[in-house]
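Inspection log for the structure reproduced underneath, given as structure tokens.
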Number of protein chains: 2
Amino acid sequence: MGIADDAVEVRAQGWRTLAALHGLIESELERALGSAVDLSVVEYTVLDALNRQDGWHMRMQQLARATALSPSATTRLVNRLEDRALLTRILCADDRRGIYTELTPAGRALYERARPIHDETLERVLAEASAQPELAPVVDALHTAAPVAG
Amino acid sequence: MGIADDAVEVRAQGWRTLAALHGLIESELERALGSAVDLSVVEYTVLDALNRQDGWHMRMQQLARATALSPSATTRLVNRLEDRALLTRILCADDRRGIYTELTPAGRALYERARPIHDETLERVLAEASAQPELAPVVDALHTAAPVAG
DNA sequence: CCTAAATACTTGCACACGCAAATAGAAAGC
DNA sequence: GCTTTCTATTTGCGTGTGCAAGTATTTAGG
């Protein structure tokens with residue numbers, strides 16, 4: 001097996017590791033957030049994204065990018081959260097095709113309740129993952145990840 | 001904001017980066033494998049896992065772990081692949097609860113056809129991701145990931 | 001102006017998933 | 001040996017998702 005073949009195998013192995021770590025974190029967050037505040041991970045992601053805008057609103061499209069979801073899934077995700085009165089749709093005047101979403105007070109309150117659960121779970125899972133030799137290098141690399149632009 | 005708060009934010013940011021990279025790779029693989037050989041990523045994962053056993057068989061449970069899927073999803077995934085004659089179920093004699101799965105020649109042939117697509121796509125996507133400053137550190141860390149046991 | 005193309009979001013539909021219950025077989029207790 | 005318990009897999013059911021088509025609104029062309 002030559003050097004090129006090795007590189008292919010290393011990439012495939014790295015991808016399996018990445019997928020394993022991602023799945024581990026996501027399932028733990030899902031369990032923790034679900035039982036504590038009845039939120040899925042994507043739902044928390046929406047609340048978190050809206051909150052990081054701090055009082056400002058986001059278009060559906062931005063939400064779709066933030067959650068890595070299709071437009072249709074984004075619509076229904078926002079529907080669910082709106083039905084629970086955690087956010088509101090706001091038609092914007094300048095482009096009447098666009099729809100802004102904004103956290104309600106209830107949404108902000110639930111987010112404040114969910115965030116410590118989220119952060120503690122993440123800390124715990126990353127610590128556990130860091131103890132597994134095959135996951136550790138990827139976990140450590142996360143510390144150096146720069147903020148994602150807008 | 002203190003040091004502890006920073007650590008929380010760094011972890012959250014790292015998790016968002018990890019999720020973004022995972023989503024990027026998965027969607028590209030999905031597209032490439034889907035259009036070329038009509039396989040989803042999980043379906044390819046099964047074929048790949050069975051092939052790495054090289055002629056040996058795997059239990060449903062092992063497959064569930066390899067794909068990070070629930071038992072029920074594993075059953076239906078194997079059903080789909082069996083319906084396409086890519087693998088066969090084999091009842092094992094020593095523990096008659098257990099069911100082994102094994103690649104058929106057709107399954108092995110399709111896998112051989114899919115692997116280059118998979119590997120080339122992975123190489124291309126990782127190269128693209130490596131060019132994005134916020135993803136690069138995680139991509140680089142994948143090279144050092146050791147083989148996963150079992 | 002008025003039509004044609006592009007954009008933003010929503011809806012119909014099919015499908016893959018997880019959870020909980022069902023089935024079947026093995027292992028343990030006595 | 002027979003019941004209890006545990007393990008491996010499958011099925012019923014509800015739900016979230018993507019794709020493709022539909023609707024509404026903006027922008028570009030003539």
Side-chain angles (χ1 to χ4, degrees), chain A residues 19 22-35 38-47 57-84 86-102, chain B residues 19 22-35 38-47 57-84 86-102:
Chain A
H22 178 272
L24 179 64
I25 297 172
E26 183 157 66
S27 65
E28 288 292 302
L29 285 177
E30 203 80 47
R31 204 182 45 69
L33 290 172
S35 71
D38 193 32
L39 284 175
S40 69
V41 173
V42 259
E43 287 166 350
Y44 177 84
T45 302
V46 169
L47 268 47
H57 30 239
M58 280 179 91
R59 295 180 80 112
M60 300 292 287
Q61 227 173 359
Q62 298 176 271
L63 239 41
R65 273 203 316 129
T67 56
L69 242 44
S70 69
S72 66
T74 307
T75 291
R76 293 185 246 252
L77 174 53
V78 168
N79 283 348
R80 290 199 297 277
L81 295 173
E82 195 180 27
D83 288 346
R84 287 173 66 179
L86 301 175
L87 54 79
T88 52
R89 277 182 167 88
I90 300 174
L91 301 162
C92 65
D94 53 318
D95 182 349
R96 286 161 53 192
R97 292 168 302 184
I99 291 179
Y100 290 126
T101 54
E102 211 178 81
Chain B
H22 179 272
L24 179 65
I25 297 172
E26 184 157 65
S27 64
E28 288 291 301
L29 284 177
E30 204 77 48
R31 206 183 45 69
L33 290 172
S35 71
D38 192 33
L39 284 175
S40 69
V41 173
V42 257
E43 286 166 352
Y44 177 85
T45 302
V46 169
L47 266 46
H57 31 240
M58 280 178 92
R59 294 181 79 114
M60 300 294 286
Q61 226 172 357
Q62 297 176 273
L63 239 41
R65 274 203 314 129
T67 56
L69 242 45
S70 69
S72 65
T74 307
T75 292
R76 293 184 245 251
L77 174 54
V78 167
N79 282 347
R80 291 199 297 276
L81 296 172
E82 194 178 27
D83 288 346
R84 288 173 65 180
L86 300 175
L87 55 77
T88 52
R89 277 183 167 88
I90 300 174
L91 300 162
C92 67
D94 52 321
D95 183 348
R96 286 162 55 191
R97 293 170 303 185
I99 290 181
Y100 290 126
T101 54
E102 211 178 81

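All values below were derived from every heavy atom in this structure, side-chain atoms included, with hydrogens, water molecules and symmetry-related copies excluded. Chain identifiers are assigned alphabetically (A, B, ...) following the order of the sequence lines, protein sequences preceding nucleic acid strands; residue numbering begins at 1 within each chain.
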For atom [atom1] of [X] and atom [atom2] of [N], their distance in whole Å:
| X | N | atom1 | atom2 | result |
| --- | --- | --- | --- | --- |
| Gln62(B) | dT7(D) | CD | C1' | 15 Å |
| Glu30(B) | dC15(C) | CD | C1' | 13 Å |
| Leu77(B) | dC17(C) | CG | P | 6 Å |
| Arg96(A) | dC9(C) | CZ | P | 15 Å |
| Arg31(B) | dT17(D) | CZ | P | 22 Å |
| Gln61(B) | dC6(D) | CD | C1' | 12 Å |
| Asp83(B) | dA16(C) | CG | P | 11 Å |
| Leu63(A) | dT10(C) | CG | P | 11 Å |

| request: Consider the side chain of Thr75(B), meaning its heavy atoms from C-beta on, and name the nucleotide among dA26(C), dC17(C), dT11(D) that approaches it most closely. | output: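 Comparing dA26(C), dC17(C), dT11(D) against the side chain of Thr75(B), the answer is dT11(D).
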
| message | If you assign Ser72(A) and Gly98(A) each to the DNA chain C nucleotide with the nearest heavy atom, which residue ends up on the more 5' nucleotide? | response |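 Residue closer to the 5' terminus by nearest nucleotide: Gly98(A).
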
| query | Does Tyr100(A) have Arg89(A) sitting over its ring (NZ/CZ under 6.0 Å from centre, angle to axis within 45°)? | reply |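 No - Arg89(A) does not lie over the ring of Tyr100(A) by the 6.0 Å and 45° rule.
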
| query | Out of curiosity, Ile99(B) CD1 to Thr88(B) OG1, how far, rounded to the nearest 0.5 Å? | reply |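 Spacing of CD1 (Ile99(B)) from OG1 (Thr88(B)) equals 11.5 Å.
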
| Roughly how far, to the nearest 0.5 Å, is OG1 of Thr74(A) from CZ of Arg59(A)? |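 The distance works out to 13.5 Å.
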
Does a distance-only test, which skips hydrogens and angles, find a donor-acceptor pair under 3.5 Å between the side chain of [X] and the base of [N]?
| X | N | value |
| --- | --- | --- |
| Arg97(B) | dT9(D) | no |
| Arg76(B) | dG12(D) | yes |
| Ser70(A) | dC19(D) | no |

| said: Donor-acceptor check, side chain of Glu102(A) to backbone of His57(A), threshold 3.5 angstrom: yes or no? | reply: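 Looks like no, no N/O pair under 3.5 Å.
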
| query | Side chains of Leu39(A) and Arg84(A): does their closest heavy-atom pair fall under 4.5 Å? | reply |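 They are in side-chain contact.
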
| message | Counting the atoms with a prime plus P, OP1 and OP2 as sugar-phosphate, which does Arg89(A) contact under 4.0 Å by heavy atoms, base, sugar-phosphate, or nothing? | response |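 Sugar-phosphate: the residue Arg89(A), judged by heavy atoms under 4.0 Å, touches backbone atoms but no base.
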
| task | Using the closest heavy atom to pick a nucleotide of DNA chain D for each, name whichever of Pro71(A) or Met60(B) lands nearer the 5' end. | result |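 Mapping each residue to its closest nucleotide by heavy atoms, the 5'-most match is Met60(B).
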
